[in-house]
Protein chains: 2
Amino acid sequence: MKTKFRCSCPITSTVDIIGDKWTLIIVKQMLTEGRKTFKDFIESEEAIASNILSSRLKMLEEFKIITKEKLPDNKKTNIYTLTNKGVDLMPIIAELSIWSDKHVREFHSELYSGEALDIVKNNKEGFIQKTIEDYKLENWK
Amino acid sequence: MKTKFRCSCPITSTVDIIGDKWTLIIVKQMLTEGRKTFKDFIESEEAIASNILSSRLKMLEEFKIITKEKLPDNKKTNIYTLTNKGVDLMPIIAELSIWSDKHVREFHSELYSGEALDIVKNNKEGFIQKTIEDYKLENWK
DNA sequence: AGCATTACTTGCATTACGCAAGTAAAATAC
DNA sequence: GTATTTTACTTGCGTAATGCAAGTAATGCT
């Protein structure tokens with residue numbers, strides 16, 4: 001997986017990295033669903049295939065968006081953790097959810113409506129900061 | 001091109017629509033580069049292939065993100081215009097540029113640094129609103 | 001010791017993307 | 001008014017990304 005940048009446009013270059021069907025979904029699952037192991041991701045609602053997951057985790061590590069480590073008392077389970085670069089994707093994820101709530105519902109009536117959506121709509125910046133803070137407290141011990 | 005939604009998560013559903021290599025690039029070109037015809041997009045720096053462009057424009061029309069029309073004095077050139085749903089993608093695009101400026105530069109040293117980036121960093125909300133306003137004034141006559 | 005779990009890899013089918021060429025209709029040039 | 005160019009595509013084909021099912025190796029659990 002060698003990412004080639006199409007040009008020098010910052011927007012296009014970000015899409016070159018995270019512009020696929022799975023990368024942001026994995027980051028979302030880490031930030032908002034507490035997933036951190038291979039198994040966690042495999043068992044998610046979106047049902048990513050294990051080969052795709054494997055290649056994406058590798059790519060995310062290469063770009064320093066996540067780190068991979070083992071806990072001292074378990075030599076089997078890998079723990080994937082978002083770096084600062086990774087949690088900084090939260091504003092993008094928040095905007096995706098806002099756009100969805102406003103414009104996707106029309107085409108997808110079963111879209112989830114929950115408390116988190118109301119919070120992000122009423123206090124976007126606060127929600128982003130709190131999600132990041134909570135993630136760090138829980139995972140950056 | 002039939003978009004199937006993977007699940008009821010708002011974030012995942014937005015990625016189901018715009019999560020590919022080209023969709024957001026086309027929207028960016030409309031909002032920030034003034035492109036509006038097939039030719040405009042073909043001639044862009046990113047150099048999209050004409051068959052991909054064609055299929056994306058169709059998809060964007062189906063999702064009501066853009067409209068297609070002809071000017072009264074020209075029966076050949078189609079004008080593509082962002083709808084309200086389309087311009088509402090601007091916050092996502094702004095966040096992509098911010099993340100890029102902060103975290104992509106490390107891997108892509110030729111990344112463009114321009115006035116627009118400074119503006120978006122200093123006054124994100126203002127920049128988003130002004131870009132949308134300017135687009136509407138120019139294209140929604 | 002034996003079974004289950006975790007984190008993968010491998011093989012193959014399908015869908016997305018990239019490149020080159022071709023086409024039809026309208027606009028422009030002569 | 002005929003010829004050339006322009007615009008907006010489509011078609012064909014090769015490569016890359018994704019999806020699905022099965023297999024594997026090492027660790028942890030009983």
Side-chain angles (χ1 to χ4, degrees), chain A residues 1-7 12-13 15-27 29-30 34-63 66-81, chain B residues 1-7 12-13 15-27 29-30 34-63 66-81:
Chain A
M1 158 90 42
K2 192 164 294 178
T3 300
K4 283 184 196 151
F5 294 106
R6 279 172 280 190
C7 59
T12 301
S13 299
V15 173
D16 284 336
I17 297 174
I18 62 167
D20 72 308
K21 270 194 78 168
W22 288 108
T23 301
L24 279 178
I25 307 302
I26 293 168
V27 175
Q29 292 176 352
M30 296 178 85
R35 301 188 196 268
K36 53 188 80 164
T37 67
F38 199 88
K39 188 175 177 261
D40 286 344
F41 298 117
I42 290 293
E43 288 173 346
S44 71
E45 194 184 14
E46 283 90 354
I48 188 171
S50 62
N51 55 345
I52 310 288
L53 174 59
S54 186
S55 80
R56 279 303 165 285
L57 290 171
K58 240 164 233 153
M59 185 273 280
L60 287 166
E61 229 190 317
E62 282 171 22
F63 276 109
I66 62 173
T67 57
K68 177 183 180 173
E69 51 166 356
K70 285 191 210 298
L71 297 179
D73 60 334
N74 186 319
K75 302 194 167 166
K76 193 177 174 183
T77 305
N78 290 320
I79 306 290
Y80 296 97
T81 309
Chain B
M1 157 88 43
K2 192 164 296 178
T3 300
K4 282 184 198 152
F5 294 106
R6 279 171 280 190
C7 59
T12 302
S13 299
V15 173
D16 283 335
I17 297 174
I18 63 166
D20 73 306
K21 271 194 77 168
W22 287 109
T23 301
L24 279 178
I25 307 303
I26 293 168
V27 174
Q29 290 176 353
M30 296 177 86
R35 300 187 198 268
K36 53 188 81 166
T37 66
F38 198 91
K39 187 173 178 262
D40 287 343
F41 298 116
I42 290 292
E43 287 173 347
S44 71
E45 194 183 13
E46 283 90 355
I48 188 170
S50 63
N51 54 345
I52 310 289
L53 174 59
S54 187
S55 80
R56 281 301 165 287
L57 290 172
K58 243 165 231 152
M59 184 272 280
L60 287 167
E61 229 191 316
E62 282 170 21
F63 277 109
I66 62 172
T67 56
K68 178 183 181 175
E69 51 166 355
K70 286 192 208 298
L71 296 178
D73 61 333
N74 186 321
K75 303 195 166 163
K76 192 175 174 182
T77 304
N78 291 318
I79 306 292
Y80 297 96
T81 308

Respond yes when some side-chain nitrogen or oxygen of [X] is under 4.0 Å from OP1 or OP2 of [N], and no when none is.
X	N	value
B/K70	C/dA26	no
B/K68	D/dA8	no
A/S54	C/dT9	yes
B/K4	D/dG19	no
B/Y80	D/dC9	yes
B/K36	D/dT7	no

Measure from [atom1] on [X] to [atom2] on [N] and round the result to the nearest Å.
X	N	atom1	atom2	answer
A/I52	C/dA7	CD1	P	18 Å
B/I48	D/dT7	CD1	P	18 Å
B/K39	D/dC9	NZ	C1'	15 Å
B/E46	C/dC19	CD	P	14 Å
A/K21	D/dA16	NZ	C1'	16 Å
A/N78	D/dA26	CG	P	15 Å
A/I42	C/dT9	CD1	C1'	12 Å
A/I79	C/dA7	CD1	C1'	12 Å

Practice prompt. For A/C7 and A/S13, work out which heavy atoms get closest and say how close.
Written response: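 That would be O-OG, 3.4 Å.
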
Worksheet item: How far apart are the closest heavy atoms of B/Y80 and B/F38, and which atoms are they?
Response: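 It is CE1-N, 4.2 Å.
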
Discussion item. Can you see whether B/T37 engages B/D40 through a side-chain donor-acceptor pair at a distance of less than 3.5 angstrom?
Written reply: yes

Would you indicate which nucleotide in [options] comes nearest to any side-chain atom of [X]?
X	options	answer
A/F38	C/dA7, D/dT10, D/dA8	C/dA7
B/W22	C/dG18, D/dA8, D/dG19	C/dG18
A/S50	D/dC20, C/dT6, D/dA22	D/dA22
B/N51	D/dG19, C/dG18, D/dA8	C/dG18

Practice prompt. Check the pair B/T12 / A/E45 against side-chain contact (heavy atoms from CB on, under 4.5 Å), numbers first and verdict last.
Written response: CA-CA 10 Å; B/T12 302; A/E45 194 184 14; over 6 Å; no

Fill in: Crowding at NZ, A/K70 (>12 non-hydrogen neighbours, <6.0 Å)
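Above 12, so yes.
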
Practice prompt. Could you check B/K39 against B/T77 for side-chain contact (heavy atoms from CB on, under 4.5 Å), going step by step and ending with a plain yes or no?
Written response: CA-CA 9 Å; B/K39 187 173 178 262; B/T77 304; over 6 Å; no

Worksheet item: When rounded to the nearest 0.5 angstrom, what distance separates CE in B/M30 from CG in B/L60?
Response: 8.0 Å

Item to complete: Starting at CD1 of A/I25, measure out to CZ of A/R35 and round the result to the nearest 0.5 Å.
Response: 11.5 Å

Between protein and nucleic acid, restricted to nucleotides 27-30 of chain C and to nitrogen or oxygen atoms under 3.5 Å apart, what atom pairs and distances do you find?
| unit_1 | atom_1 | unit_2 | atom_2 | d |
| --- | --- | --- | --- | --- |
| C/dA27 | OP1 | B/K75 | N | 2.6 |

